[in-house]
> 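Once you've had a glance at the structure underneath, I'll fire off some questions.
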Amino acid sequence: MRLRLWLLDVVSEQETAEPLLWLWCKDENGATWVVKQRYVPSFYLVGDLKGAEPTLESENLRWEHCERRIRGRPVEAIRVYVESGDSEKVAERLAKRAGGRTGVYEEDIRPAVKYFLETGVKPCSWIEVEGEHVGDGEGVSFFEAEAVDALEPSPPPKLSVAAVDFLFFSEKGSAKPERDPIRLISVCFNDGEKLQFEGGEAEIITSFSEAVRRRDPDVIVGFGLNRVQWSYFEERSRRIGVKPLVGRLEAEPRTSLHGHVSIRGRLNIDLDDMAREIPELTVETLEEFIEYLGIEMPIDIIGEYELADKWAKDEETVKRYSMQRAEAILRAYEAVKDFIFSLSELTSMPADYVLTASAGFRVENYLMALAVKVGELIPKRTEIPHISYPGGLVKAPSPGIHENVAVLDFRSMYPSLMIKYNISFDTLSDEGENIAPNGYRFRSSPEGFLPHALKTLLEERRKIQEKLRQVPPDSVEARVLDARQRAVKTIANAIYGYTGWVGARWYTREVAEATTAWGREVISSTIKKAEELGMRVVYSDTDSLFLKDHEGKLGELIRWIEGDLGLEAKIDRIFKRVIFTEAKKRYAGITEEGAVEVVGLETVRGDWSEIAREAQRNALEALLRTGDPKKALEKAREYARMVKRGAVDLKKLVIWRQITRPLSEYAATQPHIVVAKIMIDEGWKIQPGDKVGYIVVKGPGPLHARVKPYFKVMRDEVDWNYYLEKQLAPACGRVLEAVGVNPELILETAGEPTLMEFLE
DNA sequence: TTTAGGCATTCAGAATGAGTCTT
DNA sequence: AAGACTCATTCTGAATGCCT
């Protein structure tokens, strides 16, 4: 029989000695299937093949000769099939016996990964299986497949989803599984059912696990599941002797290698992983995440530090808060799921894994699948020292206010250059006819591996966008297509950076270096051309130009870029006014429509206090709207007075900074490190990646001796002077100075407005 | 399990230097 | 008069988070 199924995940299962994969699937009606498929992993030998043959014979391995490529160069290879045992061990044994003249490829890639690469079957996509239905059990139907085929993309079936929030806390500091019980679990299903488990901990854990088994969700989604919650849940279960059977077929959660937890048969999706890679977020909380997604829903804000207190005083409020979180998680999941599934399908990484993987690994997985397709062998990672190379060109801005400035952007400059000059690890050659400005040479044909990847991606994106125009804008199809085109774009844009990453399997510094070198040439020749056409280039960064006096001249410049450079550029926006300081990468502008955009300045930096950011934004807006520096000064003074009087919400004084490494590795004493240490002493768990918030308080000594965790600061301790002189004044001062106002005026008259100011 | 380099900024702590005190 | 000491200023490097 044949079945059409949607693939959730693929897992190696050791049922017998046979190498076997389980394909966890859903059908159109929502039934769960496990498709069992025999899959024999293989690896490649290259080099001294004659020397390897006797060993292969004596080991009784199945093998065959084949043609493959290494960095574009054709090679003879032997493909060795590993029917039983571990590929890496077999390969190592073979290599040793062959005496070092034989290279080994692809033995380091796990079977479940290799299956995707070699079959072209992709997670989060539809497949057709041919075979036999062999039995049922516990909500799962088993199928033995003879053949599995990938099908054309179409929207996923309806999946059942459980959004989960675990509640645990400590009287002081972070909750510790050796001490603090789970108090509550809130679950919100996507069919509307809401459950809350409370009471004795054993009861909470068993009834939660029981409910998960009964409702049998395909997806479990949460915020902080991977880093904290699952391991907490497991540890507490162990301590009270209850099995946390939340996986399908009675499985417990399994912590896999790199901070990712697997729940058998279900997708375990942690939105915290996603929030962490969104640069717009400063503190990466659930609240901030849903706000970023544009989801409007009431949610109480209760800090971790006040949970114990609130629970003791008013349990109901905390319970409501926890359920609100579960609901918010579900709403957020609904908003991002299409993107996750698209990314999963595109990169051939299972959906719950692709979120924890960093950009580099996503690109790599995509390239690996492509490599198998074109017969390019996948190299292993090597440890090599990092050598930095020149990047994009940044032209210093002309400081001050500029009116009517057009911003010209090159479209995907680095990908376009890689395609145009066929820049790739397999076209790099001393005889290449494409010569980069820094001397590296690339053959113009045949098409390189990376340009091929990029063309495929760009073409794919073009097709999706075309389809997108043909479907109703608010339809499911539109949402899925849009998510997919964004996924394609993120992968395409990351390929250049990937080639310069030392951790990459296909790390090739020459490729990255040549790309930026051509980029610099392009931007500087465009600046020259713009000036020849009578425009003024007031600023430029990597692939964008800010142009003044552009009336009637932009068309010619764009045509020149298309004609002479063979690249695409477009006018991204036109600013009615832009203000630059002396600094690069920092400016603010206003469009004709009145939209204010702030770039690089304190306003958009998460490591400045809210009060300084707000003051700067207000000063900038006043300046950009009126063009009058006096208005900006007035705004700045208004804020200065507020700070002097101490009339500011304490939350606006918090300065957030990330802990980027184990505390012992810091060379210099810094405020946020001091605060992290204070918190650790008080029982908080702080690890790299966490953000620490502090407030500066009065007292003697260096700054790092005058900081406290934000939630422990009383109003009368605050060092208002610090916020005035080191936060507000520099943030606003920079802006004012750029328009010729003495920044000291912010402070000098901050107390009372003088008569003169009054009259103005 | 860190896609790249370019950049501004703050603060800590070392280096420098002027001035004063001690022997 | 030379060296020790204090204090203020200048310089350098560590660290972070932004931009394209």
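A, B, ... follow the sequence lines: proteins, then strands. Residue 1 opens every chain.
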> Run the side-chain contact (heavy atoms from CB on, under 4.5 Å) test against A:Pro415 and tell me which residues pass, sequence neighbours left out.
A:Ser412, A:Leu454, A:Asn493
> Check every strand shown and say whether A:Gly600 touches a base, only sugar-phosphate, or nothing at a heavy-atom separation below 4.0 Å.
sugar-phosphate
> Going by salt bridge (Lys or Arg N to Asp or Glu O under 4.0 Å), name the residues that satisfy it together with A:Glu106, two or more places apart in sequence or in a different chain.
A:Lys114
> For every nucleotide of nucleotides 8-16 of chain C, 5' to 3': is a protein heavy atom under 4.0 Å from its base (B), only from its sugar-phosphate (S), or from neither (-)?
------SSB
> A:Tyr414 and ring pair (Phe, Tyr, Trp, His ring centres under 6.0 Å): which single residue from A:Tyr496, A:Tyr421, A:Tyr498 fits?
A:Tyr496
> Excluding sequence neighbours, so at least two apart, what forms salt bridge (Lys or Arg N to Asp or Glu O under 4.0 Å) with A:Arg536?
none
> Given B:dT3, B:dG5, B:dT9, identify the nucleotide with an atom nearest to the side chain of A:His386.
B:dG5
> Give a yes/no on whether any side-chain N or O of A:Thr499 is located under 4.0 angstrom from OP1 or OP2 of B:dA4.
no
> With sequence neighbours left out, what residues match A:Leu554 under side-chain contact (heavy atoms from CB on, under 4.5 Å)?
A:Ala406, A:Met535, A:Leu547, A:His550, A:Ile571
> Report which part of the nucleic acid A:Phe580 touches: base, sugar-phosphate, or nothing (heavy-atom distance under 4.0 Å, all strands).
nothing
> What is the bend of the helix from B:dA4-C:dT20 to B:dT23-C:dA1 when you compare the axis at one end with the axis at the other, using five pairs each and rounding to 10°?
20°
> Return the 5'-most residue of the pair A:Thr669, A:Trp501 with respect to DNA chain B, ranking by each residue's nearest nucleotide.
A:Trp501
> Using a strict cut-off of less than 4.0 Å between a Lys/Arg side-chain nitrogen and an Asp/Glu carboxylate oxygen, indicate whether A:Glu717 and A:Lys698 qualify as a salt bridge.
no
> Out of A:Leu355, A:Asp273, A:Ile269, which residue meets the side-chain contact (heavy atoms from CB on, under 4.5 Å) rule with A:Asn226?
A:Asp273
> Within the 4.0 Å heavy-atom criterion, would you say A:Pro390 contacts the bases, only the backbone, or no part of the nucleic acid?
sugar-phosphate
